[in-house]
Protein chains: 6
Amino acid sequence: MSASTDRPHDQLRQVQIECGYLESNPASVLYRSGKTIVLCTASIERGVPPWMEGKGKGWVTAEYNMLPGSTSPRKRRDRSGKVDGRTTEIQRLIGRSLRAIIDLDALGERMITVDCDVLQADGGTRTASITGGFIALSLAVAQLAKQPASELPTLDPSAVLPQSVAAISVGVIQDDVVLDLDYQLDSAADVDMNVVMTGKGRFIEIQGTGEEATFDDAQLAKMLSLAKKGIAELTALQSEAISSAS
Amino acid sequence: MSASTDRPHDQLRQVQIECGYLESNPASVLYRSGKTIVLCTASIERGVPPWMEGKGKGWVTAEYNMLPGSTSPRKRRDRSGKVDGRTTEIQRLIGRSLRAIIDLDALGERMITVDCDVLQADGGTRTASITGGFIALSLAVAQLAKQPASELPTLDPSAVLPQSVAAISVGVIQDDVVLDLDYQLDSAADVDMNVVMTGKGRFIEIQGTGEEATFDDAQLAKMLSLAKKGIAELTALQSEAISSAS
Amino acid sequence: MSASTDRPHDQLRQVQIECGYLESNPASVLYRSGKTIVLCTASIERGVPPWMEGKGKGWVTAEYNMLPGSTSPRKRRDRSGKVDGRTTEIQRLIGRSLRAIIDLDALGERMITVDCDVLQADGGTRTASITGGFIALSLAVAQLAKQPASELPTLDPSAVLPQSVAAISVGVIQDDVVLDLDYQLDSAADVDMNVVMTGKGRFIEIQGTGEEATFDDAQLAKMLSLAKKGIAELTALQSEAISSAS
Amino acid sequence: MSASTDRPHDQLRQVQIECGYLESNPASVLYRSGKTIVLCTASIERGVPPWMEGKGKGWVTAEYNMLPGSTSPRKRRDRSGKVDGRTTEIQRLIGRSLRAIIDLDALGERMITVDCDVLQADGGTRTASITGGFIALSLAVAQLAKQPASELPTLDPSAVLPQSVAAISVGVIQDDVVLDLDYQLDSAADVDMNVVMTGKGRFIEIQGTGEEATFDDAQLAKMLSLAKKGIAELTALQSEAISSAS
Amino acid sequence: MSASTDRPHDQLRQVQIECGYLESNPASVLYRSGKTIVLCTASIERGVPPWMEGKGKGWVTAEYNMLPGSTSPRKRRDRSGKVDGRTTEIQRLIGRSLRAIIDLDALGERMITVDCDVLQADGGTRTASITGGFIALSLAVAQLAKQPASELPTLDPSAVLPQSVAAISVGVIQDDVVLDLDYQLDSAADVDMNVVMTGKGRFIEIQGTGEEATFDDAQLAKMLSLAKKGIAELTALQSEAISSAS
Amino acid sequence: MSASTDRPHDQLRQVQIECGYLESNPASVLYRSGKTIVLCTASIERGVPPWMEGKGKGWVTAEYNMLPGSTSPRKRRDRSGKVDGRTTEIQRLIGRSLRAIIDLDALGERMITVDCDVLQADGGTRTASITGGFIALSLAVAQLAKQPASELPTLDPSAVLPQSVAAISVGVIQDDVVLDLDYQLDSAADVDMNVVMTGKGRFIEIQGTGEEATFDDAQLAKMLSLAKKGIAELTALQSEAISSAS
C-alpha cells in the first residue's frame with residue numbers, strides 16, 4: 001500500500017510553514033503540505049490599478065504558476081502568451097478568496113500582489129496557495145503597519161484583516177469521502193471539491209466537480225463536514241506561524 | 001419597480017427554445033431566458049484530438065463567446081490572442097458539464113464542438129449555455145444516428161446520452177435566496193452560485209462564490225433546494241423541445 | 001437543380017430586415033439575404049480614438065466576424081491573436097464604405113462601431129454587412145438625435161447621413177454575368193466583383209478579382225450595370241426598413 | 001512647383017530595373033519607380049504547403065513589407081505578431097496577381113515565395129511590388145528550367161508563365177484623372193484605383209476606392225483607359241529587363 | 001560600509017549547494033551564492049527535437065526565469081508571449097555553456113532540459129545558473145546511468161561529461177577590479193564581464209561589456225585572472241557536492 | 001579553393017560604403033563587406049521613451065533584421081510576435097555599442113533609432129551593422145546640427161559623438177586565428193569572437209564563444225590583436241565616408 005493511502009481519510013497531510021523564507025522580503029512563505037511545496041510572496045505597491053483609482057480603496061490580486069521542474073514529466077513553461085485555462089481559474093480563485101477577507105477600504109490606496117509559485121506539485125496546489133497566500137498577505141500587512149507612509153493613513157492590521165482564510169480539498173473515491181487529496185488520491189477521485197472558508201467557519205467558495213461522475217446530497221454533506229474539520233486545523237497552524245514570525 | 005424584480009424570487013425567467021434556428025445545421029438552437037439570448041450550435045467532426053486517438057472514444061468540447069453588441073457598453077472583441085479568464089472558466093464549465101452526461105465510448109471516435117455565442121446578455125449566460133448546449137448536443141447525436149458512417153459503429157442516441165443536464169444560478173440578496181439571477185439581480189447579490197445537475201437530480205457541479213461576502217450552512221441549503229426546483233423545470237422544457245424537433 | 005440556380009441571374013436573393021432585433025440596442029439589425037444571416041449592431045461611444053481627438057470630428061469603424069457555427073464544416077474561432085487576412089480586408093471595406101457617406105464633422109466627437117457578426121454564411125456576407133451595417137448606423141444616428149448630449153452640439157440626422165450606401169456582388173460564370181452570388185454561385189465564378197455605391201448611384205468602391213481568370217471590358221461593363229440595378233433595389237429596401245423602425 | 005507635379009498626368013514615373021541585384025540569388029530584382037524602391041526576391045522551395053500536397057501542382061505566395069527607414073517619420077517594425085491590415089491586403093493582392101498568370105500545374109510540386117521589401121516608399125509600392133515581383137518570378141522560373149530536379153518533370157518556362165502581369169495606380173485629383181500616383185499625388189487624390197492587367201490587356205484585378213469621395217461612370221472609364229496605357233509601357237520594360245538578364 | 005563591500009574584492013560570496021532539493025527529482029539543486037538563490041532542475045526526455053532526430057545524438061537546452069517575488073520591486077511575470085531580451089540572452093548562454101562540455105554523441109537520443117528558476121536575485125544569477133545547472137545536469141546523467149533504457153545504449157557518465165563547467169562575473173569599479181558582483185556592486189560597475197570556463201581552465205565564453213564605459217588591455221588581463229581564480233574554487237565546490245549526492 | 005579562403009587570414013573583406021543611399025533620408029548608409037549588404041538608417045524623433053523623460057538626456061536604440069531573401073534557403077519573416085533570440089541579442093549589442101560612444105546629455109531630449117536591415121547575409125552581419133550603424137548615426141547627428149530646434153539647445157556634433165565605434169569578428173579555425181569571418185569561415189570556426197572597440201582602441205565589448213570547443217589564453221591574445229588591426233582599418237574607412245558625405 002502506498003504512503004499516501006496510509007494516511008487516514010479524515011487527516012490532513014503534514015504541513016510545514018517557513019515565514020520570511022526570502023531574506024529580501026519578510027512577506028515570503030515556503031508552504032509545504034506533504035510533498036507539495038509552494039513559495040508564496042506578497043509584494044506591496046503604492047497605488048492601485050487605473051480602474052480603482054481615486055476610491056481610497058486598495059486591491060489584492062494573485063498569480064499562480066507551476067515551475068517546469070515541479071512535475072514529472074516536466075511541465076512546459078507558459079511563454080506562449082496564453083495562460084492556460086487551469087492556471088487562470090486557479091489564480092482568479094486565490095484572488096477572490098483573499099479579497100473576501102480583507103477590508104480594502106482599511107488597506108487604503110495600496111496594491112498587494114500575492115505570487116504563488118509551485119516548486120513541487122503533489123496535488124492540492126491551489127488550496128495550499130490560498131492557505132499559504134493568506135500567511136504572506138498577513139505578513140505584508142504587518143510590514144505595512146510598521147512602515148508608516150506619509151501620504152497614506154496609518155494602517156491597523158486587525159482592521160485590514162479582521163478574518164483569516166484557508167482552503168482544502170475533499171473528494172469521493174469509490175463512495176468513500178476523503179480529506180486533502182494528494183496527486184494519487186486526486187487521480188482516483190470521482191468527485192473533487194475545493195472548499196474555501198474563513199477562520200470563523202463561514203463559506204467563501206465551494207467548487208465541487210464530477211468530471212465523469214455525479215454526486216448526491218448525502219455525499220455533499222459529508223464532504224463539507226470533513227472540509228470544515230480540515231480548515232479548522234489549518235486555521236490554527238496559520239495563526240501559530242504568523243505569531244512566531246512577528 | 002423594475003420588471004426583473006416583479007418576478008417572484010422562486011420563479012425562472014421565461015424560456016424560449018427554437019431548435020434548428022440555422023437552416024444549414026439542424027443542431028442549432030436559439031435559447032432565450034428572459035432577455036438573455038444564446039445561439040448554441042453543435043458541430044460534428046470525424047476523428048478526435050491527437051491525445052484521444054486510438055481509444056475508440058469520442059470527445060465533446062465547448063466554446064463560449066459574447067458578441068460585442070450583446071452588452072451595453074459594447075464588449076471589446078477577443079482578438080488579442082488572450083481569451084479572458086472569465087471566458088475560459090465558462091467554456092471549461094460548459095465542456096465538463098456536457099461530458100459528465102455523455103457516454104464517450106458509445107459516441108465512438110467523433111468530436112462534437114458546442115459553440116455558445118451570446119447575442120444578448122442579461123445575466124445567466126453560462127447556465128443558459130449549458131441548458132441550451134445540451135439541446136444542441138442532443139440534436140447532433142440524433143442527426144448522427146440518422147447518418148450511419150461506414151467505418152464507425154451505428155450509434156444509439158439513448159446509449160450516448162442516457163441522461164440530460166441543465167444549469168441555473170441562485171444567489172443571496174440581502175439575506176433573501178433568489179432563483180435565476182438576471183443582470184440586475186446578479187449585481188445586487190452577495191453570494192452567487194451556479195448549479196449544474198442531471199435530469200435525474202444528481203449534482204454535476206456546484207460553484208458558489210461570495211466575492212466580498214460569506215455564507216453559512218442554512219443559506220447553502222436554501223440555495224441548493226431552489227436550484228433543484230429550477231433545474232427540474234428546465235429539464236421538462238428541454239425534453240419537450242427535443243421531442244418537437246425530431 | 002438546386003434552389004440557388006433557380007433564381008434568374010439578374011435577380012437579388014430575398015432580403016429580410018429586422019430592425020431593433022436586440023431589445024437592449026435599438027440600433028441592431030438582423031439582415032437576411034437568402035440563407036445568409038448577419039447581425040449588425042451599432043454601438044455609440046462618447047469620444048474618438050486618440051489620433052482623432054480635438055478635431056471636433058467623429059469616427060466610424062466596423063468589425064466583421066463569422067461565428068464558428070455559421071459554416072459547415074465549423075469555422076475555427078479567431079482566438080490566435082491574428083485576425084485572418086480575409087477578415088481584415090472585409091472589415092476595412094465595411095468601415096471605408098460607411099465613412100464614405102457619413103459626415104464626420106456633423107457627427108461631432110462621437111465614435112460609432114458597427115459590428116457585423118455572421119450567424120449563417122451562404123455567400124455575400126461582406127455586401128450584406130455593408131447594406132445591413134448602414135441600416136444599423138442610421139438607427140444609431142437617429143437614436144443620437146433623440147438623446148441630446150450636454151457638451152456636444154445637437155445632431156441633425158440628415159446632415160450626418162446625407163446619403164445611403166449599399167453593396168452587392170456580381171460575377172462571371174462560364175461567360176454569363178450573374179447578380180448576387182450565393183456560396184454555390186461564388187464557388188463556380190471565374191470573376192467575382194463587389195460593388196459599393198451610394199443610394200444616388202455613384203461608386204464608392206469597386207473590387208473585381210479573377211483569382212485564376214481574367215476579364216475584358218465588355219464583361220466589366222455588364223457586371224457594373226447589373227450591380228447598379230441590384231443596389232437600387234437594396235436602397236429602396238433600406239429606406240423602407242429605416243422608416244418603419246422610427 | 002514640386003518635381004512630382006511637373007510630370008504630365010498621363011506619364012509614368014521613371015522606372016529602373018536591376019535584375020540579379022543580390023549575388024546569392026539570380027531571382028532578385030531592385031525595382032525603382034521614381035523614388036519608390038522595392039527589392040523583390042523569389043525563393044524556390046521543393047514541396048508545397050500541406051493543403052496542396054499530392055495534387056501535382058505548385059504554389060506561389062507573396063510577402064510585402066516596408067522597412068522602418070523607408071518612410072519619414074520612421075515606420076514601426078511589424079513585430080507585434082499582428083500584421084497590419086494594409087500589409088495583409090497588399091500581400092494578398094500581390095499573391096493573387098501572380099497566381100492569375102502562372103500555370104501551377106506546369107510548375108509542378110514546387111513553391112515560390114516572392115518577397116517584396118520596400119526600401120524607400122514614395123507611393124505606388126503595391127503596384128511596384130506586382131510589376132517587380134513578376135520579374136523576380138520569371139527569373140526564378142528560368143532558373144528552375146536550368147536546374148532539372150530528378151524527381152520532378154522538366155519545366156518549360158513558357159508553359160509555366162504563358163502571360164505577364166503588371167500593375168499601376170490611377171486616381172482622380174480635383175476632377176483630373178492622373179496616372180501613377182506618387183505619395184504627394186496620392187495624398188491629394190479623391191479616388192485611388194489600382195489596376196492589375198496581363199501583358200495582353202485583360203483585367204486581373206480592379207480596386208477602386210473613394211475614401212471620403214465617390215466617382216461616376218465617366219471618371220471610371222478615363223481611369224481604366226489611362227491604366228491600360230501605363231501597363232502596356234510597363235509590360236515592355238519588364239520584357240526588356242528579363243531578356244537582358246538571361 | 002555595507003555588508004557587500006566588506007568582502008575582499010578577490011573573494012567569492014559564500015556558496016551553498018543542496019542536491020536533490022525536490023523529492024520528486026534527484027537532479028534538482030538549490031544553489032545559493034550569497035543572497036542569490038537559484039533552483040536548478042534537470043528533466044530528462046526520451047527523444048530529441050525534430051531537427052536532431054536520427055543522428056544518434058542527444059540535446060541539452062536551458063531555460064531561465066526570475067520569479068516575480070525574487071526582486072523588489074516585484075518583477076512582472078513573463079506572460080505576454082514575448083520573453084524579454086535579457087532572459088533570452090541568458091538562457092542561450094546557459095545552454096551553450098552546458099553543451100560545450102557534454103558529449104552529445106555519448107548521451108544518445110535523449111534530451112535534457114535544465115530549468116534555472118531564480119527564487120531570490122542579488123546579482124550573478126546567470127553565472128549561478130550555469131554553475132548550479134552543471135550540477136543538476138551531472139545528477140541527471142548519473143541517474144540515467146542507473147536506469148538502463150532498453151532501446152538506448154548504456155550510458156557512461158564520464159564519457160558523457162568528461163569536463164565540468166562553472167561561471168563567474170568580474171567587473172571594474174572605479175578602476176578597481178572586483179570578483180563576483182552582487183547587485184550593489186554590479187550597479188556600481190563601469191565594466192561587467194561574465195566568464196565561463198571548464199574545470200580544466202579553458203575558456204568557453206567571455207562576455208565583457210562597458211555599457212557607458214570602455215576598458216583597456218591591462219584591465220582585461222586583471223579581470224580574466226581573477227575570474228580564473230574564482231572558477232577554480234567553484235569547480236572544487238561542484239565536485240564535492242556531486243560526490244556527496246551520489 | 002573557394003574565393004573566401006583566398007583572402008589572407010589577417011585581411012578584411014572589401015568594404016564599400018554608400019552614404020545617403022535613400023534620397024528621403026541623408027542618414028542612410030548602404031554598407032557592404034564582401035557579399036554582406038546591410039542598409040543602415042538613422043531616424044530622429046523629438047522626445048524620448050517614457051522612462052527617460054525629464055532628464056534632459058537623449059536615447060539611441062537599434063533594430064536589426066534579416067530580409068527573407070538575404071539567405072538561401074529563404075529566412076522566414078519574423079511575424080509571430082516573437083523576435084528570435086539571435087535577433088534580440090544582436091540588436092541589444094548594436095544599441096549598447098552605439099550608446100557607449102555617444103554623449104546622451106549632449107544629444108538632448110531626442111531619440112535616434114538605427115535600423116540595420118540585412119539585404120544579403122554572408123557572415124559578419126552584426127559587426128557590419130555596428131560599423132555601418134555608427135556612420136548612419138554620425139550623419140543623423142550632423143543633420144541635427146544643421147536643423148536647430150527652437151525648444152532644444154543647439155547641438156555640437158563633436159560633443160555628441162566624441163568618439164567612433166567599429167566592430168569585427170575573429171575566430172579560430174583548426175588552430176589558425178582568422179580575421180573577419182564570412183559565412184563559410186564562420187561555419188568552420190571552432191571559436192567565434194566579436195570585438196567592438198572605439199576608434200581610439202579601447203574595448204567596448206568582447207563576446208567570445210566556443211559552441212562546442214574551448215580556447216586558451218594564447219589564442220585569446222592572438223584574436224584580440226588581429227581584431228585591433230581590423231578595427232583600426234575600419235575606423236579609417238568610416239572617417240573617410242563621413243567626411244565625403246558632408
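Just so it is clear: chains get the letters A, B, ... in the order the sequence lines come, proteins before strands, and each one is counted from 1. What you see is a predicted model; the values in this text were computed from it and never measured.
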Trainee: Restricting to non-hydrogen atoms, name the atom on C:Ala100 and the atom on D:Gly210 that form the minimum distance, rounded to 0.1 Å.
Mentor: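 Looking at all heavy atoms of both residues, the shortest contact is CB-O, 3.9 Å.
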
Trainee: If we define contacts as heavy-atom pairs under 4.5 Å, which of C:Glu89, C:Gln219, C:Arg86 has the most with chain D?
Mentor: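 The answer is C:Glu89.
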
Trainee: Does any heavy atom of chain C fall under 4.5 Å from the side chain of D:Leu224, the backbone, both, or neither of them?
Mentor: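 Side chain of D:Leu224 only, per the 4.5 Å heavy-atom cut-off to chain C.
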
Trainee: Can you tell whether the side chains of D:Asp84 and C:Arg92 come within less than 4.0 Å, N to carboxylate O?
Mentor: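 No, no charged N to carboxylate O under 4.0 Å.
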
Trainee: Can you tell if the side chain of D:Leu220 reaches within under 4.5 Å of the side chain of C:Phe203, non-hydrogen atoms only?
Mentor: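 D:Leu220 reaches C:Phe203 side chain to side chain.
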
Trainee: Mind checking the CE-CD1 spacing from C:Met193 to D:Ile206? Nearest 0.5 Å is all I need.
Mentor: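 Those atoms lie 4.5 Å apart.
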
Trainee: CD/C:Glu205 to CZ/D:Phe215 distance, rounded to the nearest 0.5 angstrom?
Mentor: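 Answer rounded to 0.5 Å: 7.5 Å.
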
Trainee: What residues, two or more places apart in sequence or in another chain, satisfy side chain to side chain contact (heavy atoms under 4.5 Å, CB included) together with D:Arg76?
Mentor: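 With sequence neighbours excluded, D:Arg76 shows a side chain to side chain contact (heavy atoms under 4.5 Å, CB included) to no residue whatsoever.
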
Trainee: How many angstroms lie between atom OG1 of D:Thr209 and atom CD of C:Gln207, to the nearest 0.5 angstrom?
Mentor: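 These two atoms lie 6.5 Å from each other.
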
Trainee: Taking everything shown except D:Lys222 itself, do over 12 heavy atoms lie less than 6.0 Å from its NZ?
Mentor: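 No, the 6.0 Å shell around NZ holds no more than 12 heavy atoms from other groups.
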
Trainee: Taking only Lys NZ, Arg NE, NH1 and NH2, and the carboxylate oxygens of Asp or Glu, determine whether C:Arg202 and D:Asp217 approach each other closer than 4.0 Å.
Mentor: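 No.
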
Trainee: Can you tell which part of D:Lys200 gets under 4.5 Å to a heavy atom of chain C, answering side chain, backbone, both or neither?
Mentor: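 For D:Lys200, no heavy atom lies under 4.5 Å from chain C.
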
Trainee: Is it the side chain or the backbone of D:Ile101 that comes within 4.5 Å of chain C heavy atoms, both, or neither?
Mentor: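 The answer is neither part of D:Ile101.
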
Trainee: Select one option (side chain, backbone, both, neither) describing which atoms of C:Leu93 are under 4.5 Å from chain D's heavy atoms.
Mentor: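 Contact with chain D is absent: no heavy atom of C:Leu93 under 4.5 Å.
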
